[in-house]
Protein chains: 2
Amino acid sequence: MTAEGMDSEDFEGMIAGLRDVANWKKGKRDGFVAHVPSTVDVRAIRAAHNQTQEGFARTYGFSIASVRDWEQGRRQPERAARILLAMIAKEPQTVKRVMEGL
Amino acid sequence: MTAEGMDSEDFEGMIAGLRDVANWKKGKRDGFVAHVPSTVDVRAIRAAHNQTQEGFARTYGFSIASVRDWEQGRRQPERAARILLAMIAKEPQTVKRVMEGL
DNA sequence: CTAGCATATGCGGCATTGCCGTATATAAAT
DNA sequence: ATTTATATACGGCAATGCCGCATATGCTAG
């Protein structure tokens with residue numbers, strides 16, 4: 001076999017798997033281990049929701065400045081932000097629903 | 001009536017409501033407006049899950065250092081982190097479920 | 001055509017956080 | 001008493017969060 005035809009997703013999965021194995025060997029087997037995407041396309045997520053930067057920011061609680069910086073590549077969203085963004089990308093309604101009660 | 005018997009949660013709700021009204025008057029009526037808790041008791045959340053700082057961090061993708069800093073009051077989790085933490089506090093299973101597919 | 005409004009871009013700037021590393025408590029277990 | 005797991009306490013620097021503002025871009029009405 002070869003490595004041809006593999007995309008970054010495959011690698012992400014492999015990395016996650018390897019980390020799980022490492023954790024297992026270290027005795028850390030309490031189960032679930034979060035996979036934090038190392039990069040997020042904020043603009044794409046926002047676009048998929050047809051919202052302005054301001055609207056998107058207000059909807060999910062980000063500051064406009066941060067959304068701007070992220071989209072302009074001036075700053076990279078941090079871990080927690082990346083997770084939240086990924087969740088928004090995946091299940092916006094769920095995220096909104098849970099956030100409503102906060 | 002009096003203000004007796006009201007806890008911070010009541011006020012949080014009122015603030016959120018007032019902000020919504022303000023946004024409405026400003027013509028920002030695309031709906032949902034996130035309410036980002038200004039403070040979060042990380043230790044309490046983690047304790048409610050019976051996890052070590054390390055386990056908690058790994059489960060949700062935070063860095064151990066950050067969880068430490070948060071619990072020791074050395075740093076305040078940022079917006080996105082506060083939202084995520086609040087969501088974890090409210091619906092840990094949902095958060096985990098959505099995160100599994102990332 | 002162009003004035004006006006909504007959005008987005010670019011960027012200076014500083015306080016604050018993220019995150020790494022490590023040395024030191026604490027407490028429970030062997 | 002020694003080991004092991006967990007938490008505390010900081011030093012420290014790179015990087016982000018977030019504010020404010022000037023400028024560009026696009027669209028729509030006059």
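The sequence lines fix the lettering, A, B, ..., with proteins before strands; numbering per chain opens at 1.
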Return the NZ to OG1 distance between Lys96(A) and Thr59(A), rounded to the nearest 0.5 Å. 5.5 Å
Interatomic spacing from NZ in Lys90(A) to CD1 in Ile45(A) - rounded to 0.5 Å: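 Here the rounded value is 12.0 Å.
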Would you say [X] places a side-chain N or O within less than 4.0 Å of OP1 or OP2 belonging to [N]?
X: Trp70(A); N: dG17(D); result: yes
X: Arg46(A); N: dT7(C); result: no
X: Thr52(A); N: dT7(C); result: no
X: Ser63(B); N: dG18(C); result: no
X: Gln53(A); N: dT9(C); result: yes

Does the side chain of Tyr60(B) reach to within under 4.5 Å of the side chain of Gln51(B), using non-hydrogen atoms? yes
Looking at Arg58(B) and Glu54(B), is any side-chain nitrogen of the basic one under 4.0 Å from a carboxylate oxygen of the acidic one?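 Salt bridge flag = yes for Arg58(B) with Glu54(B).
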Of the options dC18(D), dC20(C), dT9(C), whose atoms approach the side-chain atoms of Ala65(B) most closely?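 Closest nucleotide to the Ala65(B) side chain: dC20(C).
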Minimum-distance nucleotide (side-chain atoms of Glu78(A) versus dA8(C), dT16(D), dT8(D)):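 The answer is dT16(D), which lies nearest to the side chain.
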Using atom [atom1] of [X] as one end and atom [atom2] of [N] as the other, report the distance to the nearest whole Å.
X: Phe62(B); N: dG18(C); atom1: CZ; atom2: P; answer: 10 Å
X: Arg58(B); N: dT6(D); atom1: CZ; atom2: C1'; answer: 13 Å
X: Glu71(A); N: dG10(C); atom1: CD; atom2: C1'; answer: 14 Å
X: Ile83(A); N: dG18(C); atom1: CD1; atom2: C1'; answer: 13 Å
X: Glu54(A); N: dT7(C); atom1: CD; atom2: P; answer: 7 Å
X: Phe56(B); N: dT6(D); atom1: CZ; atom2: P; answer: 16 Å
X: Asp69(B); N: dA15(C); atom1: CG; atom2: C1'; answer: 16 Å
X: Ile64(A); N: dA6(C); atom1: CD1; atom2: P; answer: 13 Å

Tell whether [X] reaches the base of [N] with its side chain through a donor-acceptor pair below 3.5 angstrom.
X: Arg74(B); N: dG18(C); value: no
X: Arg75(B); N: dG17(D); value: no
X: Arg82(B); N: dG17(D); value: no

So what does Arg79(B) hit on the nucleic acid, given a heavy-atom distance under 4.0 Å: a base, only sugar-phosphate, or nothing? sugar-phosphate
How would you label the contact of Gln72(B) with the nucleic acid (heavy atoms, under 4.0 Å): base, sugar-phosphate, or nothing?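 Touches a base.
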Are Leu102(B) and Val42(A) linked, directly or through intermediate hydrophobic residues, by side-chain heavy-atom contacts shorter than 4.5 Å (ILVMFWY only)? yes
So among His49(A), Met99(A), Gln93(A), which one has a side-chain contact (heavy atoms from CB on, under 4.5 Å) with Ile88(A)?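 When His49(A), Met99(A), Gln93(A) are each tested with Ile88(A), the side-chain contact (heavy atoms from CB on, under 4.5 Å) holds only for His49(A).
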DNA chain C: 5'-proximal contact among Pro77(B) and Arg68(B) (nearest heavy atom):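 The residue whose closest nucleotide sits nearer the 5' end is Pro77(B).
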